[in-house]
Amino acid sequence: MFPNKLNSLLDQAQPSRRTFLKAAGGAGLGLIIGAALPSAGPASAAIAGNGSFNPFVRISPDGLVTVIVKHLDKGQGVATGLATLVAEELNAEWEQMRVEFAPANAKLYNNLSWGPFQGTGGSTAIANAYGQYRSAGAAARDMLAAAAARTWQVPAGEVTVSGGKIVHTSGKSASYGEFAEAASQMSVPEKPVLKPADQFIYIGKTFPRLDTRDKTVGAPIYALDLKKDGMLVAAIARPPKFGAKLKSFDATKAKAVNGVMDVIVTPAGVAVIAKSTWPAFKGKQALSVDWDFSSAETRGSEELFAEYRERASQPGQTFASNGDTAKALADAAQVIEGEFEFPYLAHAPMEPHDVVVQFDGKTAEFWTGSQVPTLDKNVSAKILGIKPDQVQIHTVWAGGSFGRRAQPDAHIVAEAAMIAKAWGKPQPIKVQWTREDDIKGGYYRPMYVHRVKASLDNDGNLTGWHHRIVGQSILSGTLFEGMLVKDGIDKTSIEGVADMPYKIPNFTGELNTVAVGVPVLWWRSVGHTHTAYVVETMLDDLAKAAGRDPVEFRLNLLKDHPRHQGVLRLAAEKAGWGTPPPEGRFRGVAVHESFNSYVAEVAEIALNDDGEFKVERIVCAVDCGVAVNPDNIASQMEGGIAFGLGHALRNEITLTDGEVDQANFDTYEPMRITDMPVVETHIVPSNEKPTGVGEPGTPPAAPAVANAIFAATGKRIRKLPFSANDLTGA
C-alpha cells in the first residue's frame, strides 16, 4: 500500500557526523551542545523572546528550566528521565524543571544509537542520551558561572551554580534566568566536567515524574485531544482483507449524513471528511464499498499454522552453528523435543492512531505522537510533493505505542498526507482511527512456529541444541533491510536464540522465512517475545530431565555471563527460591537479556482443580546499568510484565479467510486489574552506562509463569495463549 523502499526519501535528511558537529558549533541556533562538544567560539545570542538557551535547554527569565526532549514519551517516562540528567549537571531545583518535545530535526536531535535518524525505540532513549543530556546540563552550568563571573568581575572559580542559584563566595547571588542571555554569549566548553557518581543529587534517586500532575488533571494534549480552528475530521474505510484493492464505492448514504463534507479516494482507502468525529465515523459506516480480493491474503490462521509446521520440518537457513549438533543428538542419553506456536499479536495502545495535518500547498504541519520524526517528515514530503524542510512535525504526548507508532513506511502520517493532498484546502484535518481500525488493521507481532531438539548426556549435562524458527520477516522490504537483514536472515526473527548465553557445546540454529500478506511490525521486545519463551521453557524441561533444580541448572550454564547470573541469583533470593512456597502455590523462573539489559523473574501461581490459575506474585531482578530513576525502572518492569503476561494469558489475532476476527477490547481483551500479580522489582547496583528498561521486562514474564504451571501440573504449554491449553486434571 505504501512505499517500503524509503532510502531515496531519507537521503534528503541524513547529516554526516561532520555536519552535525558543525551545527553544534552554534551557527544561528543559540548555544548548541550535541553528542560531542566541538571547539567553538562565542555562541550566538539567545533566540529573541523565547528564552532559548541551547537546543536541549531553555531557561526563562523566571528561572524555569525547560528540557527539550528529543524522544517521544508514550508513557515510558523518558521526558522525566532526560530532565533528570539535565537537572543533575545543571544543579537545578526539581521544581524548576519543565519538558517540551523537540521539533523534527535529525541534525540536532538524532538518536545517537541510530545514526542520522531522530526517533524513539529499541529501549535506546536514556541509553543514547545519557552522556549527551548530562553534557548539555554541565555546559549550561559552566556558562552560567562564566557569565556571572564576567558580570561581577570576579574569578570564575569563586562562582558556583547550585540549588537553582548562581552564587559568589561573597554572598552575591542571582537566579539562572537573570544570566541566561549573558551565558549564551560565552564560549562553549569543549569538555564540561561531569559529576562523579558520589555527588549525584538526582540520578539514582526517585523524584516525581514531571507529567504526572498534568495527566492526572487531563492537561496534556494528545493528538486525540487536539483541536484547531476550522478543523475537520477524516475517517478511512480500509479493505477488510490485507492486500485487497478498491473496485468501486457508493457514497450517497455517507454524504447524506449530517456533517459530512466530502468522500475522497486515497491509496489507503475511501476517506470520509466531516465537520467532527462522529459524522466522520457514521459516514464511513454508511459507505457501500466493493473490494477486489484477487491479490488479497485469504488464508486463515489454521491454514497458516499448518504451513508453518510443515516448514518447521524442513531445513532452513543456518544463522548459528558450533560443534556437531547432529552427533550430539544421536549420541545423547536423553533428547527433549518441543514444537511451539505463537499467534499474531496486536499492539492495542490505549490511544488509537491519530494525526492532525495542515497543508497549504507549499508547507505542511503534522501534530501526532511521532515515534520516528525523520521518517514521518520525509515520507509526507514525498507524498505532498514538497521538500522535507517544508514539513514540520509537532510531536505530542502519545497514549501508548509498544512499537506500533514506529513504522518503516510511516503509513499513519502518510495517510494524513494523502488526505490533505486530495482535499486540496488549507484547513486542518484530523485523521482519526477507531479501535477497530487499529486492531483489525494489521502491523502485528508476527506469528511463529519453533521446533527444538536438545540433548543430555548420562550425567545430565546439556550437550546439543537444534533450533528451527519459522516466521515472517519484519524488516525485509523496508528501509532497515540493509542494516538488519543479512543473507535473507532477519535479525529480529532470531534475537534471543542466536545470542543465547547458555554454554552449549553443540548448537545449530536455522530460520525459515515465510511470505504472508499480513503486515507485521516490531512489538514490545520484538523477537525476544517468542525466543525467550522457547529457550526458557525448554531449559525447565531439560532441568527436570536432568534431575536438577531449574535455577541451579541455569547458573551452571551461565558461568561465562556474570550479569545473567547476578539477576538470576537476586530474583531467586528475593522470591525465596529453595524454600517451599505457600500451600497451593507453585513457582517458575526465567532469565533473559534484551536491549543490553538483564532481567530475571520468578513467578508464583495458585492453581485450582478446574485448571484455572492466578498469577499471584512476580519477583523481578534487573541489571540495567546506572539506575537513573529507580521508581521509573520499577514502573517499566511492572508495565512490561503486565504487557507480556496479559497477551500470554488469552490474546491472539486470528484470521478466517484472510479477515481478522478480533475488533475491540471485548474480543482482544487487555490485562485486567484482577489479573495483575504483585510485582516486586529489585535493581542490581551498577556503575555501567544505563541501558533500556522499556522492553526487557516483557520477555521473561510468560515463560516464568509457564514454568510455574509446569511445576504445578507437569504440563508444558507450547501453544500460546495459555487459554488455548487444557490444564484440568492437574
Side-chain angles (χ1 to χ4, degrees), residues 76 113 121-124 127 319-320 340-345 347 401-404 406 444-450 452 465 467 469-475 480 484-485 489-502 509 511 520-540 554 558 561 563-564 567-568 571 588-601 603 618 620-624 636-637 639-648 651 691-707 718 720-721:
Q76 81 277 34
S113 299
S123 295
T124 61
F319 61 79
F340 299 79
E341 297 183 5
F342 300 89
Y344 287 113
L345 292 174
H347 303 76
S401 171
F402 316 117
R404 185 62 182 90
Y444 307 119
R445 196 285 306 270
M447 61 180 286
Y448 288 93
V449 166
H450 290 238
V452 182
W465 187 297
H467 199 132
I469 303 172
V470 181
Q472 281 175 262
S473 169
I474 293 172
L475 299 171
F480 302 101
L484 295 171
V485 180
I489 295 174
D490 185 332
K491 289 185 178 180
T492 67
S493 297
I494 62 173
E495 59 187 359
V497 173
D499 53 352
M500 200 191 311
Y502 297 110
L511 174 67
V520 293
L521 188 64
W522 33 60
W523 187 90
R524 191 174 190 171
S525 72
V526 201
H528 301 281
T529 61
H530 52 100
T531 59
Y533 187 91
V534 174
V535 170
E536 289 302 301
T537 55
M538 281 295 298
L539 259 293
D540 257 42
R554 286 173 170 81
L558 292 170
H561 296 272
R563 295 180 77 177
H564 285 83
V567 292
L568 181 55
V589 66
V591 59
H592 194 73
E593 175 195 354
S594 60
F595 308 97
N596 300 310
S597 290
Y598 307 80
V599 178
E601 295 171 17
I618 290 185
C620 171
V622 54
D623 180 349
C624 57
Q636 285 301 290
M637 290 300 108
I641 288 167
F643 190 78
L645 179 57
H647 286 81
N651 281 164
T691 49
V693 295
E695 297 171 272
T698 297
V705 172
N707 287 336
R718 291 188 172 129
L720 268 66

Response to the item:
For L511 and F319, the nearest pair of non-hydrogen atoms, with its separation, is N-CD2, 3.8 Å
Item to complete: Could you walk me through whether R554 and V589 pass side chain to side chain contact (heavy atoms under 4.5 Å, CB included), step by step?
Response: CA-CA 10 Å; R554 286 173 170 81; V589 66; 3.6 Å; yes
Item to complete: Please report the C-alpha distance between H528 and F595 in whole Å, then the side-chain angles of each, then the deciding distance to 0.1 Å, and finally whether the ring-ring contact (aromatic ring centres under 6.0 Å, His included) criterion is met.
Response: CA-CA 10 Å; H528 301 281; F595 308 97; 5.6 Å; yes
Fill in: OG1-CD1 distance between T698 and I641, expressed to the nearest 0.5 angstrom
8.0 Å
Worksheet entry | Shortest non-hydrogen contact between S493 and T531, atoms and distance | O-CG2, 4.1 Å
Item to complete: Before giving the answer on side-chain hydrogen bond (donor to acceptor under 3.5 Å, both in side chains), spell out for Y444 and Q472 the whole-Å C-alpha distance, their side-chain angles and the decisive distance to 0.1 Å.
Response: CA-CA 11 Å; Y444 307 119; Q472 281 175 262; over 6 Å; no
Worksheet entry | Gap separating the CG atom of L568 from the CG atom of L558, nearest 0.5 angstrom | 7.0 Å
Worksheet item: Which heavy atom of S594 sits nearest a heavy atom of P699, and at what distance?
Response: OG-CG, 4.0 Å
Discussion item. I'd like to check F342 versus T529 (side-chain heavy atoms, cut-off strictly below 4.5 Å). Are they in contact?
Written reply: no
Discussion item. Tell me which one of F402, Y344, W523 satisfies ring pair (Phe, Tyr, Trp, His ring centres under 6.0 Å) with H647.
Written reply: W523
Worksheet entry | Side chains of Q636 and V622 in contact at under 4.5 Å (non-hydrogen atoms) | no
Worksheet item: Any idea which heavy atoms bring L645 and A701 closest together, and the distance?
Response: N-CB, 4.3 Å
Discussion item. Test your reading of the model: is there a side-chain donor-acceptor pair from W522 to the backbone of A406, 3.5 Å cut-off?
Written reply: yes
Worksheet item: Given the rule in the side chain to side chain contact (heavy atoms under 4.5 Å, CB included) test, do V452 and W465 qualify, once you have shown the distances and angles that lead to the verdict?
Response: CA-CA 7 Å; V452 182; W465 187 297; 3.5 Å; yes
Item to complete: Drop me the distance from E601's CD to H592's NE2, to the nearest 0.5 angstrom.
Response: 11.0 Å
Worksheet item: Would E695 and V526 satisfy side chain to side chain contact (heavy atoms under 4.5 Å, CB included), going step by step from the backbone distance to the final call?
Response: CA-CA 9 Å; E695 297 171 272; V526 201; 4.0 Å; yes
Worksheet entry | Test item: V497 and V534 side chains (from C-beta on) under 4.5 Å apart, heavy atoms | no
Worksheet, complete the sentence: Residue set satisfying side chain to side chain contact (heavy atoms under 4.5 Å, CB included) with T537, at least two apart, ordered chain then number -> F340, Y533, P703, A706, N707, R716
Worksheet item: Can you list the residues that meet the side-chain hydrogen bond (donor to acceptor under 3.5 Å, both in side chains) rule with S597, with sequence neighbours excluded?
Response: T691
Fill in: CG-NE2 distance between L345 and H530, expressed to the nearest 0.5 angstrom
10.5 Å
Fill in: Note, V591 side chain near Y502 side chain (heavy atom, < 4.5 Å)
yes
Worksheet, complete the sentence: Separation between CG (L484) and CD1 (I489), nearest 0.5 Å, reads 13.0 Å
Worksheet entry | Exercise: identify the closest heavy-atom pair between L720 and A648 | CD2-CB, 4.3 Å
Discussion item. Please report the interatomic distance CE(M538) to NE2(H450), rounded to the nearest 0.5 Å.
Written reply: 12.0 Å
Discussion item. Main chain of Y598, side chain of D623: is a donor-acceptor contact present, judged purely on distance under 3.5 Å?
Written reply: no
Worksheet entry | V599 to P696 - nearest heavy-atom pair and separation | CG2-O, 3.6 Å
Worksheet entry | Stacked cation flag R524 on F643, 6.0 angstrom / 45 deg | yes
